[in-house]
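These notes concern the structure reproduced below.
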Amino acid sequence: MSRSIGVVTPAVRRKLALLGGAPAFAEPVYITRPRLPERAVFDGLIDTIFQTRWLTNDGTLVRRLEERLQLRLGTGFCRTFCNGSIALLTALRSLDLRGEVITTPFTFPATVHAIEWAGLTPVFCDVDAATYNLDAACAAELISERSAALLPVHVFGNPCDVAAIDALAQAHGLRVVYDAAHAFGVVHRGRPIGCWGDLSIFSFHATKPFHSAEGGAVVGSDARLFADLGALRNSGIRSEDLVLGVGLNGKLSELHAAMGLAVLDLLDDEIRKRAALAGRYRAQLAGLPGVIFQQVPAQTVPNHAFFTVEIDADRFGCSRDALHLALRAENIVARKYFHPLCSDNEAYRRLPSAQPQRLPNAQRLAARILCLPLYGDLPEDHVDRIADCVLSVHDAAAAVGAAMDACPP
Ligand code: T4K
């Protein structure tokens, strides 16, 4: 079998499992696997919990984690939360907003649900076709007297057009909350990614390059918001005798903080390994007709949270769905993040801004995007075999498309 890096050469490829061959992998290869620390390191942190009998509510490990995250993120403050969804909901509540929040439909459902849970109305804005992020020019057209905030997502960790978004917000007196759930560790224009807007939120879910099993954070620089977020995440309690605002329990436990502290030490190594693997994918898939990579803005140090390909069916030979099906047959668990669009959810379809014709780039992207497995411990030879499967699907695209059409819906 011949393959030259970056150039697609005709080759006699393996018979795809979808077409009757043996699967490329005996066991599923997942989209991601959480990085785990050495047991001894984790156990050492857990010992602290047993010694102090302190399990949650602002314990020493949560405080230590917040200090370290704040240093890493270069922000004025960092408040941890039990997950990214509650971090986002609480961030929106802390700003005391009323009315509409302009956001992207091309995101995990939690982004838009948080707007709704905060009693606000989402307004969907189309994305840029190349970066997949909220298109600031489209957002400008959606601003009205009802607009309260912008909620852009650094999707797949790719930085938004922060200069355009911040200029827009300033011109119209809007707040900006960035959903940076995917972007921990990213540096853009020489600054860590959480430095833009009024607030940014992160997810520390197990599926992220940096995680605490479950967890999240809100970062910003306004001292009043720091105080409010602390109270809001603890049922609105400010002191023994003072409860203010509609709080909730959004606290991170000491057990999760222990995982976070141990995993934080591994983050740079994790990103380094992912960068090498992502480069390997790119080298093998670059030039393959109909395979498009997400455009990363200049001055960006990425965290490689995801490795995505956009499939142009006309040039690739078969659809993203056919490729997805063929990879599943090989035991490669690629994922269609983020399909379906949030605007197609029955909860939001009623909104005027959710009409598909208003979101052409997002609609096209949701039909074409595919995320391939990527995590630090993924063996190099797995990347090679996954890339080879994609190349094989391209070569046998007509037969794969026919097999897809023959599958029951
Ligand atoms: N904003 C954005 C833009 C987000 O993407 C997210 C979450 C949020 C906000 C909200 O943050 P959180 O409230 O979740 O902190 C996953 C994650 O659950 C979710 O956190 C994440 N985004 C989203 C993109 O992905 P699923 O349902 O696709 O994950 P799941 O269970 O299918 O896991 C994916 C793969 O990871 C599995 O096939 C195997 C592997 N895995 C997973 C877990 C949980 C493991 O190997 N071990 C594990 O423990 O949502």
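Order of appearance sets the numbers: ligands from 1, and atoms from 1 within every ligand. Sequence positions, counted from 1, serve as the residue numbers for this chain.
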Give a yes/no verdict on whether any heavy atom in [X] is under 4.0 Å from an atom of ligand 1.
X	value
Gly216	no
Thr207	yes
Glu214	no

Do me a favour and list the nearest non-hydrogen protein atom to [atom] with residue, atom name and distance?
atom	value
atom 49 (O) of ligand 1	Ala206 CB, 4.0 Å
atom 5 (O) of ligand 1	His182 NE2, 2.6 Å
atom 25 (O) of ligand 1	Tyr337 OH, 3.7 Å
atom 14 (O) of ligand 1	Ser203 OG, 4.1 Å
atom 27 (O) of ligand 1	Arg335 NH2, 4.2 Å

Given [options], identify the one with the heavy atom nearest to [atom].
atom	options	value
atom 38 (O) of ligand 1	Phe106, Tyr30, Phe81	Tyr30
atom 10 (C) of ligand 1	Ala305, Ala183, Ser85	Ser85
atom 1 (N) of ligand 1	Leu151, Asp179, Val112, Leu88	Asp179
atom 22 (N) of ligand 1	His211, His205, Lys208, Arg33	Lys208

Can you tell whether the side chains of [X] and [Y] come within less than 4.0 Å, N to carboxylate O?
X	Y	value
Arg79	Asp58	no
Arg33	Glu27	no
Glu67	Arg63	no

Using a strict cut-off of 4.0 Å, indicate which atoms of ligand 1 neighbour a heavy atom of [X].
X	answer
Pro34	45 (C), 46 (O), 47 (N)
Asn83	13 (O), 15 (O)
Thr111	1 (N), 2 (C), 3 (C)
Phe108	2 (C), 4 (C), 5 (O), 6 (C), 7 (C), 8 (C), 19 (C), 22 (N), 23 (C), 24 (C), 50 (O)
Ile31	34 (C), 35 (C)

Heavy-atom side-chain proximity of Trp196 to His188 below 4.5 angstrom: yes

Contact check: Gly84 vs ligand 1, nitrogen or oxygen atoms, below 3.5 angstrom: yes

Contact check: Thr107 vs ligand 1, nitrogen or oxygen atoms, below 3.5 angstrom: no

Salt bridge (Lys or Arg N to Asp or Glu O under 4.0 Å) pairs, two or more places apart, involving residues 175-204: Arg175-Asp198

Residue pairs passing the salt bridge (Lys or Arg N to Asp or Glu O under 4.0 Å) test where at least one lies in residues 146-167, sequence neighbours excluded: Glu100-Arg146

Within-cutoff protein neighbour (heavy atom, under 4.0 Å) for atom 31 (O) of ligand 1: no

Of the backbone atoms (N, CA, C, O) and the side-chain heavy atoms from C-beta on, which set of [X] has a member under 4.0 Å from an atom of ligand 1: side chain, backbone, both, or neither?
X	result
Val155	neither
Phe204	neither
Thr32	both
Ala110	side chain

Lys/Arg cation over aromatic Tyr375: Arg35, 6.0 Å, 45° cone: no

Arg385 charged N/C atom sitting above Phe25 aromatic ring, 6.0 Å / 45°: yes

Residues, nucleotides or ligands: over 12 heavy atoms within 6.0 Å of Arg53 CZ: no

Aromatic plane relationship, Phe77 with Phe226 - under 30° parallel, 30 to 60° tilted, over 60° perpendicular: tilted

For Asp228, the option from Arg233, Arg238, Arg93 that meets side-chain hydrogen bond (donor to acceptor under 3.5 Å, both in side chains): Arg238

Candidate list Phe156, Phe108, Tyr132, test ring pair (Phe, Tyr, Trp, His ring centres under 6.0 Å), partner Phe306, passing option: Phe156

Expected output: side-chain Arg320 to main-chain Ala366 donor-acceptor under 3.5 Å: yes

Side-chain donor/acceptor of Ser221 to backbone N/O of Gly76, under 3.5 Å: no

